[in-house]
Protein chains: 2
Amino acid sequence: MLDRPQGDVALLRAFNRLYTNQLGLLDAHLDGSRFTLSEARILYELAHREDPTAADIARTLNMDRAQISRTLKRFADRGLLETRDDPGHGRQQLLSLTPTGRAAFADLDVRAQEAIGALLDRVSARQRQRLIGAASVMMQAFDGGDEPASVTLRGLRPGDLGLVAARQMMLYAEEYGWDQGYEALVSRILADFHDQFDPARDAAWIADIDGEMAGSIFLVHGDDPAVAKLRLLYVESFARGAGVGRLLVETCIAHARRLGYRRLTLWTNSVLAAARHIYERAGFVLVDEAPHHSFGHDLIGQNWSLDL
Amino acid sequence: MLDRPQGDVALLRAFNRLYTNQLGLLDAHLDGSRFTLSEARILYELAHREDPTAADIARTLNMDRAQISRTLKRFADRGLLETRDDPGHGRQQLLSLTPTGRAAFADLDVRAQEAIGALLDRVSARQRQRLIGAASVMMQAFDGGDEPASVTLRGLRPGDLGLVAARQMMLYAEEYGWDQGYEALVSRILADFHDQFDPARDAAWIADIDGEMAGSIFLVHGDDPAVAKLRLLYVESFARGAGVGRLLVETCIAHARRLGYRRLTLWTNSVLAAARHIYERAGFVLVDEAPHHSFGHDLIGQNWSLDL
DNA sequence: TCACGATGTTGATTGAGTCAACAATGACGA
DNA sequence: TCGTCATTGTTGACTCAATCAACATCGTGA
């Protein structure tokens with residue numbers, strides 16, 4: 001079993017209960033419709049598939065074949081459904097809605113749309129926006145939960161400067177208790193980076209996982225044209241262990257070589273163990289270290305260097 | 001009917017289908033349990049309430065009284081439930097679980113917990129984190145959807161400096177096409193604000209709606225001890241029309257008076273019409289304006305002033 | 001060819017969901 | 001104080017949901 005917070009299960013169960021109470025009734029038996037929830041789900045599958053078989057529907061809806069069989073018979077009796085033998089398979093039957101069946105589904109579809117619409121109209125515009133966003137995130141998590149998240153690197157976009165400062169601050173505030181002095185420092189570094197940006201000497205990458213910022217790294221020029229600085233490396237906690245840090249550092253090193261730098265230096269703090277391992281593995285060597293008091297703590301600053 | 005995007009309804013319906021297909025089966029009839037979904041829901045209510053009546057449960061679960069009555073009778077037959085007459089009400093009966101009933105619920109609870117846990121273990125740590133966050137947002141939207149969002153003002157927390165820069169940048173990039181020069185400017189202003197902060201001369205407020213940042217304002221000292229600057233006012237688009245901007249400006253003005261300032265000045269750009277209205281209503285007067293080229297656009301900067 | 005699995009159907013049983021009716025009780029206004 | 005009215009709990013009746021078991025067919029692959 002993975003390391004999973006206790007509250008997660010409780011929260012999802014609470015959500016499940018609320019959802020069942022609030023929306024369960026919504027799809028079940030839309031007022032005035034002649035279809036029950038199960039019937040409506042089967043009808044939906046019939047309307048959205050090309051010649052399905054009864055077994056297909058049973059599988060996708062997780063229903064018993066017996067129930068499907070009886071429901072289909074009722075549909076056929078009502079003139080909603082017609083069946084024809086599968087030319088390639090003697091046992092199976094291909095199902096398709098009659099025009100009457102399609103009309104019945106269209107009617108049901110409009111009713112469902114109106115019901116959901118009425119529900120959405122009850123909440124404020126802001127809550128609706130959040131609701132829709134959250135629903136799509138949950139769908140993603142369920143649907144694409146199996147595939148490993150794919151990491152891509154991209155350049156800076158509006159909002160990234162502030163987000164890098166904010167995320168790093170929140171991370172280090174939570175893990176090490178650093179105060180807002182760190183955020184101010186990062187903000188100034190980022191402002192300087194932008195104002196003195198030179199594409200021949202500087203670069204920045206944001207690690208992106210499914211549109212979400214997962215980490216960052218900056219390559220910054222200094223006084224010595226042969227020496228560049230690596231700055232502001234960080235990896236989001238959710239993205240750790242996926243090689244994001246290593247990818248960022250290696251990309252940065254490769255680009256520094258391309259730009260003709262001879263040496264890459266960086267300053268970090270001894271408490272940032274995860275980052276240190278990445279630096280070591282990339283070939284950086286510790287040059288010197290010195291204690292300092294910053295961000296509300298006694299820290300040991302370290303200078304690392306890599307000959308390119 | 002409100003102005004509501006078409007896709008919202010479709011997305012929520014898609015979510016509803018996915019959720020019904022994926023999780024509907026989960027709470028229904030946990031393997032090996034002797035309770036159906038409806039029974040489990042009723043049992044949950046019995047376990048989490050103090051002496052409920054049958055009508056109470058029927059209301060919260062949106063179930064028919066007849067069904068509740070029969071289910072309760074089955075529970076009583078199985079020895080899970082005991083009833084006693086309400087001393088203050090001759091018709092109603094107070095329900096409570098027997099020790100057997102509590103044990104049965106505890107068993108069911110553990111099974112449900114394991115089932116949800118197994119589901120959560122199937123998705124990656126990152127997806128799980130997003131899933132949980134999204135679920136809690138959806139619960140909030142459903143639960144507190146009726147009450148108007150309550151705006152509160154708070155001081156700065158770790159991450160706020162960066163978030164203010166990021167959110168303002170994204171807003172103005174989208175609405176006016178401003179480039180990242182604005183974000184760099186804001187970042188520097190915020191770094192300076194932190195480094196030169198003096199509680200007797202400076203202050204900052206974040207507008208908060210349900211834990212989300214909805215706007216900000218900063219009061220900053222200058223060279224002249226009698227004159228303070230109002231800086232970085234902004235309101236999130238979702239929070240507009242709720243008086244957030246006015247609240248921020250009035251709070252800032254009141255605090256400037258308390259600190260003994262004689263005058264409040266601010267610099268803004270003519271395109272920011274919404275902000276200008278707030279300033280005018282608060283009594284600010286336009287002192288002068290001058291064109292400048294910043295953030296990738298030709299703008300007209302304005303200085304406003306208010307005598308306190 | 002033959003065992004095996006998948007498909008569709010039917011019987012049987014329990015619970016869900018709904019509607020209607022009814023008796024007992026409490027609340028409230030005329 | 002009485003009568004009206006809503007609420008509460010129960011029961012009957014009916015249809016559909018959900019399972020389980022059994023069975024006849026059909027296709028596939030060893």
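Every chain is numbered from 1, with letters handed out A, B, ... down the list of sequences.
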In whole Å, I'd like the distance from the CD atom of A:Glu39 to the C1' atom of D:dC16.
7 Å
Residue B:Arg70, side-chain heavy atoms: nucleotide from C:dT18, C:dA16, D:dA18 that is nearest:
C:dT18
Nucleotide D:dA18, atom P - distance to CD1 of A:Ile57 in whole Å
15 Å
d(CG, A:Asp77; C1', C:dT9) in whole Å:
14 Å
I'd like to compare against my own output: the B/S/- annotation of nucleotides 5-10 of chain D with a strict under-4.0 Å heavy-atom distance to protein.
---BBB
Distance, rounded to the nearest Å, where B:Gln67 contributes CD and D:dC14 contributes P
19 Å
Quick one: which residue pairs count as a salt bridge (charged side-chain N to carboxylate O under 4.0 Å, His left out) with a foot in residues 50-62 of chain A, not counting sequence neighbours?
A:Asp51-A:Arg84, A:Asp56-A:Arg59
Just how far, in rounded Å, is P of D:dT15 from CZ of A:Arg34?
16 Å
What is the separation between atom CZ on A:Phe35 and atom P on D:dT15, rounded to the nearest whole Å?
18 Å
Rounding to a whole Å, what distance do you find between A:Ile68:CD1 and D:dC20:P?
16 Å
Look at the side-chain N and O atoms of B:Thr36 and state whether any lies under 4.0 Å from the OP1 or OP2 oxygen of C:dT14.
no
Nearest atoms (heavy-atom pairs only) where B:Gly155 meets B:Asp160
O-OD2, 3.9 Å
Which part of the nucleic acid does A:Arg74 contact within heavy-atom distance under 4.0 Å: base, sugar-phosphate only, or nothing?
sugar-phosphate
Provide, to the nearest angstrom, the distance between the CG atom belonging to B:Asn62 and the P atom belonging to C:dA16.
16 Å
Are OP1 or OP2 of D:dA18 and a side-chain N or O of A:Ser38 less than 4.0 angstrom apart?
yes
B:Arg240 meets the salt bridge (charged side-chain N to carboxylate O under 4.0 Å, His left out) criterion, sequence neighbours left out, with B:Glu175
Set of salt bridge (charged side-chain N to carboxylate O under 4.0 Å, His left out) partners for B:Arg78, sequence neighbours left out:
B:Glu39
Are more than 12 heavy atoms, taken from residues, nucleotides or ligands other than A:Arg154, located less than 6.0 Å from that residue's CZ atom?
yes
Please list, chain by chain and in numerical order, all residues satisfying side-chain hydrogen bond (donor to acceptor under 3.5 Å, both in side chains) with A:Glu45, sequence neighbours excluded.
A:Arg49
Who pairs with A:Asp64 by salt bridge (charged side-chain N to carboxylate O under 4.0 Å, His left out), at least two apart in sequence or on another chain?
none
